[in-house]
Amino acid sequence: MFAEEQAFYRNEIVKLKNDLNAVILAHYYQDDDIQDLADYIGDSLELARRAKAAEADVIVFCGVHFMAETAKILNPDRMVIIPSMEAGCSLADSCLPNDFKKFREEHPDHIAVTYINCSAEVKALSDIICTSSNAEKIINEIPVDKPILFSPDKNLGRYLVKKTGRDMLLWNGSCIVHEHFSEKKLLDVVYEHRDAKVIAHPECEDTFLMYANFIGSTSALLKYIQESPADKFIVATEPGIIHQMKKVRPEKIFVEAPMSEGCSCNVCPHMKKNNLENLYLCMKNLSPKIEMNEELRLRALKPIETMLAMS
Ligand code: 13P
Ligand code: SF4
């Protein structure tokens, strides 16, 4: 996009934000220009909390669909709009409500702890929702004699099994971004940058996480690089977060972790469905809008509120 076009969209978005009494929430994986326009940037948990507390008339959610849906579940009286309705998530797509219902029925004695990266229907069929920043705490609070089903991310699930010592049954889902980091190529990058710390999101495969000096949610990674005395980091998550890392620590060096194909598949194609143009259009037309059946909303709200109370 040309600089003039970019400036046009930026100005119009700021004007519309005031006219609509809107708040713009953005995830760290959004494009830099969207992050720079946002009122709040955060990880899934922080954005859910911001959405719940929002008093603006319109919540403009710059993230993927399940995040905007969670905002609507938590704050139904606000209008929630999203730049692209096609901004999905491979984890949410891997877990269809009917299959998940069957999974639960096959294990009636298990409690279902479900990662927030899922649809409202799957949330409604779960007992407790979690995010990567509170999952460990939530699992540790479940009585040890209670068996657990963890869905839909098997990599986060495996990581949590190791951290908590709980033998959970895992749904077979994964993130198309985080599963592509290459262990083999990482060894070369680590060798080249021997002074760097490896930091990773727990959606990465366990063979990759073995090399991480620190593992955490997007916000936890951002906090770590600020507090660590190290000057260089190899970052194994979607590179959108590096924009904030450079803003808060411009003197430090951030190297993107390598991918298996030498491709740019560390960029989340779903998150990147949102851009300045469709952000402007969604605010101008108040569409696409997240709509939800009230009965479903109330059922999905319950496990999210349980999460918020436990974290
Ligand atoms: P965070 O909650 O850590 O921001 O993760 C969201 C996500 O989709 C990671 O791929
Ligand atoms: Fe979903 Fe992975 Fe994209 Fe996160 S990075 S939104 S888990 S596809």
Side-chain angles (χ1 to χ4, degrees), residues 25-31 34-35 38 40-51 61-71 74 82-95 113-119 122-123 129-138 150-157 159-160 171-181 199-205 208-209 212 214-225 235-245 256-257 259 263-274 304 307-308 311:
L25 306 184
H27 189 264
Y28 294 116
Y29 296 166
Q30 291 293 280
D31 282 338
I34 294 187
Q35 292 190 35
Y40 301 105
I41 312 167
D43 69 6
S44 309
L45 181 62
E46 289 163 345
L47 292 176
R49 287 202 175 114
R50 288 283 180 198
F61 209 107
C62 298
V64 288
H65 185 265
F66 78 80
M67 295 177 174
E69 204 174 48
T70 304
L74 284 165
I82 180 168
S84 171
M85 214 45 152
E86 286 165 23
C89 169
S90 67
L91 279 170
D93 293 348
S94 78
C95 192
V113 179
T114 308
Y115 193 31
I116 198 163
N117 297 39
C118 65
S119 65
V122 168
K123 287 186 175 74
I129 297 303
C130 69
T131 75
S132 52
S133 61
N134 60 19
E136 188 180 337
K137 183 173 187 291
I138 285 174
F150 187 85
S151 311
D153 187 2
K154 65 178 177 199
N155 291 322
L156 175 61
Y159 168 73
L160 292 166
W171 184 270
N172 188 20
S174 57
C175 160
I176 47 162
V177 172
H178 292 87
E179 72 181 351
H180 277 115
F181 287 112
I199 60 171
H201 195 279
E203 288 176 14
C204 295
E205 288 182 341
F208 194 93
L209 290 178
F214 180 76
I215 299 167
S217 75
T218 49
S219 288
L221 298 178
L222 186 60
K223 187 162 178 269
Y224 179 80
I225 64 100
V235 183
T237 193
E238 218 274 357
I241 189 147
I242 294 178
H243 182 55
Q244 292 305 318
M245 291 178 170
E256 290 180 28
M259 308 304 285
C263 59
S264 57
C265 34
N266 57 341
V267 174
C268 175
H270 305 291
M271 286 279 182
K272 265 51 182 193
K273 287 257 158 58
N274 298 330
I304 301 176
M307 165 186 84
L308 293 175
S311 50

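Hydrogens, waters and symmetry mates play no part in the numbers below; they use all other heavy atoms, side chains included. Start at 1 and go down the list; that is how both ligands and their atoms are numbered. Residue numbers run from 1 in the order of the sequence given.
- Salt bridge K154/E179: absent, no basic N to carboxylate O contact under 4.0 Å.
- Using a non-hydrogen distance threshold of 4.0 Å, E238 does not register as a contact of ligand 2.
- Looking at V64 against ligand 1, nothing comes within 4.0 Å, counting heavy atoms.
- Using a 4.5 Å cut-off on side-chain heavy atoms (C-beta onward), F66 and C118 make no contact.
- Proximity of E238 to ligand 1, defined as any heavy-atom pair under 4.0 Å, is not found for any part of the residue.
- The closest approach between a heavy atom of H178 and any atom of ligand 1 is below 4.0 Å.
- Those atoms of ligand 1 that come under 4.0 Å of a heavy atom in S132, given as number and element, are 1 (P), 2 (O), 3 (O).
- Residue H270: no N/O/S atom is found under 2.8 Å from atom 1 (Fe) of ligand 2.
- In this structure, N117 CG and C89 SG are separated by 4.5 Å, a value rounded to the nearest 0.5 Å.
- In terms of protein heavy-atom proximity, atom 5 (O) of ligand 1 is closest to H201 NE2, 3.3 Å.
- No side-chain heavy atom of N274 sits under 4.5 Å from any side-chain heavy atom of V64.
- Counting protein heavy atoms only, atom 9 (C) of ligand 1 is closest to E203 OE2, 3.1 Å.
- The contact set between ligand 2 and N117, taken as ligand atoms under 4.0 Å from a residue heavy atom, comprises 7 (S).
- Close approach of ligand 2 to L91 is summarised as follows: ligand atoms under 4.0 Å from at least one heavy atom of the residue are 7 (S).
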- Query: What do the steps show when you test K273 against H65 for side-chain contact (heavy atoms from CB on, under 4.5 Å), and what is the final call?
  - Reply: CA-CA 11 Å; K273 287 257 158 58; H65 185 265; over 6 Å; no

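- Side-chain contact check for S217 and S219: no donor-acceptor pair (N or O, by modelled atom type) lies under 3.5 Å.
- Counting only heavy atoms of the protein, atom 1 (Fe) of ligand 2 lies nearest to C89 SG, 2.4 Å.
- Relative orientation of the Y29 and H178 rings is tilted, given thresholds of 30° and 60° on the angle between their planes.
- Taken from CG in L221 to OG1 in T237, the straight-line distance is 6.5 Å, to the nearest 0.5 Å.
- Close approach to D43 involves these atoms of ligand 1, each under 4.0 Å from a residue heavy atom: 1 (P), 2 (O), 4 (O).
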- Task: Dump the intermediate steps for side-chain contact (heavy atoms from CB on, under 4.5 Å) on M307 and T131, then the final yes or no.
- Result: CA-CA 9 Å; M307 165 186 84; T131 75; 3.9 Å; yes

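- Atom 3 (Fe) of ligand 2 has an N, O or S atom of C268 inside 2.8 Å of it.
- For ligand 1, one of its N or O atoms has an N or O atom of T218 under 3.5 Å away.
- Of the heavy atoms in S44, both backbone and side-chain atoms come closer than 4.0 Å to ligand 1.
- Taking every non-hydrogen atom of S217 and a distance limit under 4.0 Å, the qualifying atoms of ligand 1 come out as 3 (O).
- Within the 4.0 Å heavy-atom cutoff, C175 does not count among the residues contacting ligand 1.
- Of all atoms in ligand 1, numbered sequentially from 1 with element shown, those under 4.0 Å from a heavy atom of N117 are 7 (C), 8 (O).
- The shortest distance between side-chain heavy atoms of H243 and I41 does not fall below 4.5 Å.
- Among the atoms of C175, an N, O or S atom falls under 2.8 Å from atom 2 (Fe) of ligand 2.
- With rounding to the nearest 0.5 Å, the separation of CZ in R49 from CG in L25 is 14.0 Å.
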- Item | Worked check of side-chain contact (heavy atoms from CB on, under 4.5 Å) between L160 and V113 | CA-CA 12 Å; L160 292 166; V113 179; over 6 Å; no

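- Neither the backbone nor the side chain of T131 has any atom closer than 4.0 Å to an atom of ligand 1 (non-hydrogen atoms only).
- Heavy atoms of Y28 come nearer than 4.0 angstrom to ligand 1 in no pair at all.
- Short contacts between ligand 2 and E203, defined as distances under 4.0 Å to a heavy atom of the residue, involve ligand atoms 2 (Fe), 7 (S).
- Taking 4.5 Å as the limit, every side-chain heavy atom of H180 sits out of range of all side-chain heavy atoms of N266.
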